Amino acid sequence: MRSLGLAAGLLLAGCAATTAQTFPKPPSADAMVSQAGERPVPASPPAGQQWLYGSAEGAVASAQVYRSLAAYVRAIAISAAPHRQVVLAEGSTLAAPRFDDCGDKPLAAVFDADETLIWNLGAMRYFAEQHKDFDPATWDRWEKTGAGKAVAMPGVTDAIAVMRSAGVTVIVNTNRTAANAKGSEDTLRAAGLGEFKHGETLFLMGDTPDGASKDGRRALIASRYCVIAMGGDQLGDFAQGFNARELSVADRKMLATGEPIAGLWGRGWFLLPNPVYGPSIRGGFDDIFPSDKQWEPN
Ligand SMILES: [Mg+2]
């Protein structure tokens, strides 16, 4: 039990339509199954949860991103220069991106919710203690009833205050389901993020016909607003093209960090760390370590 794995990738990361690759599971707490067949609660949370939800480093990483993001958004908002969308223009691609001029649309910043604005502490502890990677029925209950058991990530409330005071509308685009809109509105409010309204400042899976892809919802938001910043913990929070099934680990990294996309990070696109679940948690030794860097101590 180290990552939520494929099912969570589908529901949380938004790659259901195009992701067929498996996300290999790290060594599992299944090894702790007792001889009686019962499964005791693990001695500690998995490493990714320890880092993200417990460590000073995880908290600092979030606060650092949000401080940079708020300063960026404020600077853009008060600039007299013409504004431009950071949402890929419809029909353009990651290989040849285009970004539309905004005209006089009102400014907005668009964020994923889970492990971007809020940490889902209640659900994540439950999954870990239950030795579950993910369970759709449990997650559905979490969307409905988790209010008060998720928290704003470090730096979020200050950043939201800065953005709103600069006249920028804060919008959430999440793969939580439209059927549970009230539960997600309640969860965001209870975490101290203020009011979000489904269809206006909260966009959910089911709002557009493209399922777990967020591209359709991004296009809808960009038709109403000038989106000057986006935040997410997975690349599908920026463009669905990153979830293309044919992308290897290395190709996906090259697509995100090479030209023409590289210049967007920290300048309109802001990534939050998530070592717990999602499409970043994949790859074998040969995917991750270059063969010419193999080393042994003898
Ligand atoms: Mg997320």
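Please read all numbers here as calculations on a predicted model, not as lab measurements. Index from 1, following the sequence. When a ligand or atom number is given, it counts from 1 through the structure's own listing order.
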| query | Taking both backbone and side chain into account, is any N, O or S atom of Glu115 nearer than 2.8 Å to the Mg ion (ligand 1)? | reply | no
| message | Between the side chains of Glu129 and Arg125, is the shortest nitrogen-to-carboxylate-oxygen separation below 4.0 Å, so that they form an ion pair? | response | yes
| note | Looking at Asp114, the N/O/S atom that lies nearest to the Mg ion (ligand 1) is called O
| Below 2.8 Å, any N, O or S contact between Asp233 and the Mg ion (ligand 1)? | yes
| query | What residue among Asp207, Asp112, Asn173 forms side chain to side chain donor-acceptor pair (under 3.5 Å) with Lys214? | reply | Asp112
| query | Can you name the residues that form a side chain to side chain contact (heavy atoms under 4.5 Å, CB included) with Ala109, not counting sequence neighbours? | reply | Phe111, Met163, Val168, Ala229
| message | Under the rule for side chain to side chain contact (heavy atoms under 4.5 Å, CB included), what residues qualify as partners of Tyr72, not counting sequence neighbours? | response | Ile76, Arg267, Phe270
| Of all N/O/S atoms in Asp112, the name of the one nearest the Mg ion (ligand 1) | OD2
